[in-house]
Amino acid sequence: MTATFVGMPAFPEAATRAVGDAQLRHNLRKATHTIRARRAAVVGELPDWAELRAAGAAIKDRTLRHLDVYLERLESAVTAAGGHVHWAEDAAEANRIIVDLVRATGETEVVKVKSMATQELELNSALAAAGIRAYETDLAELIVQLGDDLPSHILVPAIHRNRAEIREIFSDRMASWGRPAPEGLKDDPRALAEAARLHLRERFLRAKVGISGANFAVAETGTLVVLESEGNGRMCVTLPETLISVVGIEKLVPTWRDLEVFMQLLPRSSTGERMNPYTSMWTGATEGQEFHLVLVDNGRTSVLADRVGRQALRCIRCSACLNVCPVYERTGGHAYGSVYPGPIGAILTPQLRGLTGPLEESLPYASTLCGACYEVCPVEINIPEVLLDLRAKVVMKGHHRVERLAMGAARRVLADPRWLAVAQRSAGRLRRWTPRRLPGPLAAWSDTREVPVPPRESFRDWWARRASEEGDR
């Protein structure tokens with residue numbers, strides 16, 4: 001995959017282009033509403049869902065408070081089981097470690113399980129620069145890769161594509177990556193899935209190196225866990241002679257008993273299933289396979305130091321917040337300029353990267369603050385709270401000067417009853433000149449809103465007049 005998120009424009013510009021794409025909006029609405037309805041049905045079956053959410057949040061918070069202890073425990077368990085543990089401070093170091101590990105095998109091809117961590121690192125580009133070709137094996141990731149596209153959803157990376165588009169991608173591009181699509185391929189889901197299966201099977205049987213992520217890592221045993229719906233991930237982690245797993249340091253859970261809570265939360269919140277079809281677990285080197293675990297920081301310890309923002313590290317990448325977000329439904333994931341789209345991306349990306357540019361500074365504003373994301377989050381991340389905290393930090397950097405001046409003036413007026421009375425009377429007298437569109441830098445606000453016309457008489461004056469008229473009686 002040669003496409004990259006680097007250089008993406010700020011959210012308002014990207015979103016403006018996205019909302020003009022009627023086909024994209026149709027695809028997103030259909031897919032998100034389907035997943036949303038399935039999630040609501042299976043969550044409604046559990047009378048203790050609220051307690052499970054609270055337990056998930058508590059486990060994650062406890063793990064983050066003692067992350068150093070659990071990371072060392074995980075390293076010891078993996079090493080004792082015959083695995084090798086590598087520590088990466090940032091994307092560059094992680095990519096260097098992985099490239100060196102693949103080169104040491106002498107191979108020039110790898111198969112990959114769907115992994116948000118490797119996408120965050122832009123590992124495929126780093127491998128390609130080293131002469132190593134990475135083959136995505138998740139069906140949606142395969143569609144994205146063949147289409148030289150970018151993922152737009154955490155769970156369903158190709159959610160912005162419909163069946164007809166996928167058929168065209170398979171027909172046009174499969175041959176350049178391996179086994180071509182069958183002649184006369186139809187856009188029937190079964191036919192598309194069969195074409196992908198035949199294309200991928202030769203990759204699984206030939207690959208000597210596999211690269212995976214992990215949904216969870218159990219500190220007490222060193223066990224890694226991958227949940228999936230297709231079984232392709234299991235082929236990647238079992239068939240290759242060398243397995244390299246790339247895991248963010250926040251993916252830990254202390255014990256197997258803790259894992260049980262998330263095994264109930266994640267499938268229901270992500271795919272709307274009581275149990276995901278495939279759960280793969282492995283501990284260290286198994287059946288003679290060489291195993292390497294790369295633990296990645298890449299900004300996570302900085303997030304951990306933020307009292308408000310650290311709750312974003314609870315995220316289990318379920319994508320429930322994307323499926324209920326009215327902004328995501330209309331703009332899609334590419335507008336967020338990051339592998340992490342939607343509400344969670346709006347708070348996670350600016351923290352991992354820092355508020356370093358227009359894109360990162362715009363993401364905290366990519367929200368209506370409706371709170372739907374908080375209501376569905378299985379680990380109770382208060383996304384609106386973090387968004388507001390990030391907005392305050394953007395303002396403190398000196399941005400939004402006009403808004404700051406306006407809010408400062410409003411504070412002075414609203415804090416003094418005399419000034420408020422003068423402002424209300426003046427607005428009433430000048431109401432006929434109220435503009436339909438605000439001038440200059442304020443114009444963006446009135447582009448999508450009507451400027452309210454002040455009443456002829458303020459409540460304060462009405463009350464005084466009414467009291468006077470009653471006194472005269």
Side-chain angles (χ1 to χ4, degrees), residues 1-8 67-68 71-72 74-76 78-79 82-138 141 144-145 150-151 207-214 217 222 224 226 236-237 240-252 282 284-285 289-304 313 317 337-340 348-349 351-354 356-357 360:
M1 183 166 58
T2 58
T4 174
F5 282 106
V6 173
M8 291 286 285
L67 189 58
D68 55 339
L71 283 170
E72 290 180 354
L74 175 71
E75 179 184 33
S76 297
V78 170
T79 303
H84 307 276
V85 179
H86 310 264
W87 300 84
E89 183 178 0
D90 53 25
E93 185 174 13
N95 288 336
R96 178 183 57 76
I97 291 170
I98 298 164
V99 166
D100 289 346
L101 289 173
V102 177
R103 280 176 169 165
T105 68
E107 296 295 319
T108 58
E109 296 180 353
V110 300
V111 289
K112 290 180 70 240
V113 186
K114 179 180 181 296
S115 164
M116 301 297 293
T118 59
Q119 291 171 6
E120 175 190 329
L121 302 174
E122 298 198 347
L123 175 62
N124 286 10
S125 297
L127 290 170
I132 301 165
R133 199 173 199 186
Y135 293 94
E136 297 289 351
T137 63
D138 174 85
E141 289 288 355
V144 169
Q145 184 175 55
L150 290 167
K208 302 297 183 182
V209 180
I211 296 178
S212 83
L224 270 62
V226 166
C236 282
V237 302
E241 297 172 0
T242 300
L243 175 61
I244 305 168
S245 295
V246 187
V247 182
I249 58 174
E250 83 283 13
K251 291 298 186 72
L252 269 67
W282 66 97
Q289 184 184 69
E290 185 174 352
F291 174 63
H292 297 270
L293 172 61
V294 182
L295 292 170
V296 179
D297 185 329
N298 203 35
R300 285 160 174 78
T301 52
S302 297
V303 181
L304 187 60
L313 295 179
R317 311 294 193 264
S338 167
V339 67
Y340 302 113
L348 191 56
T349 299
Q351 293 191 92
L352 289 176
R353 296 182 185 173
T356 55
E360 292 80 9

[X] versus [Y]: any side-chain heavy-atom pair under 4.5 Å?
X      : Y      : result
Glu120 : Leu352 : yes
Ser115 : Ile211 : no
His86  : Leu101 : yes
Leu67  : Thr301 : no

Looking at [atom1] of [X] and [atom2] of [Y], how far apart are the two atoms once the value is rounded to the nearest 0.5 Å?
X      : Y      : atom1 : atom2 : answer
Glu109 : Arg133 : CD    : CZ    : 7.5 Å
Glu89  : Asn298 : CD    : CG    : 9.5 Å
Glu93  : Trp87  : CD    : CH2   : 11.5 Å

Next item on the list: Evaluate the side chain to side chain contact (heavy atoms under 4.5 Å, CB included) criterion for residues Val303 and Glu250: first the C-alpha distance (whole Å), next the side-chain angles of each, then the deciding distance (0.1 Å), finally the verdict.
Entry: CA-CA 11 Å; Val303 181; Glu250 83 283 13; over 6 Å; no

Item checked: Pair Lys208 + Glu107, salt bridge at N-O below 4.0 Å ->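 No.
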
Margin query: Taking the basic N atoms (NZ, or NE/NH1/NH2) and the acidic carboxylate oxygens, is any pair closer than 4.0 Å for Lys112 and Glu136?
Written below: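 Salt bridge flag = yes for Glu136 with Lys112.
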
Determine the minimum heavy-atom distance between [X] and [Y], stating which atoms define it.
X      : Y      : answer
Ala126 : Val99  : O-CG2, 4.0 Å
Ala130 : Arg103 : CB-NH2, 3.5 Å
Gly213 : Val247 : C-CG2, 4.5 Å
Val111 : Pro240 : CG2-CG, 4.3 Å
Gly222 : Leu74  : CA-CD1, 3.7 Å
Ala94  : Val296 : CB-CG2, 4.1 Å

Single hit among [options] for side-chain contact (heavy atoms from CB on, under 4.5 Å) with [X]:
X      : options               : value
Thr118 : Leu127, Leu123, Ile98 : Leu123
Leu293 : Val78, Val246, Ile244 : Val78
Val102 : Ile132, Thr108, Ile97 : Ile132

Are the side chain of [X] and the backbone of [Y] linked by a donor-acceptor contact shorter than 3.5 Å?
X      : Y      : result
Glu360 : Gly357 : yes
Gln289 : Val237 : yes
Gln351 : Leu313 : no
Asn95  : Leu121 : yes
Arg300 : Asp297 : yes

Next item on the list: Just say parallel, tilted or perpendicular for the rings of Phe291 and Trp282, cut-offs at 30° and 60°.
Entry: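 Phe291 and Trp282: perpendicular rings.
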
Item checked: Worked verdict on Tyr340 versus Gln119 for side chain to side chain contact (heavy atoms under 4.5 Å, CB included) -> CA-CA 9 Å; Tyr340 302 113; Gln119 291 171 6; over 6 Å; no

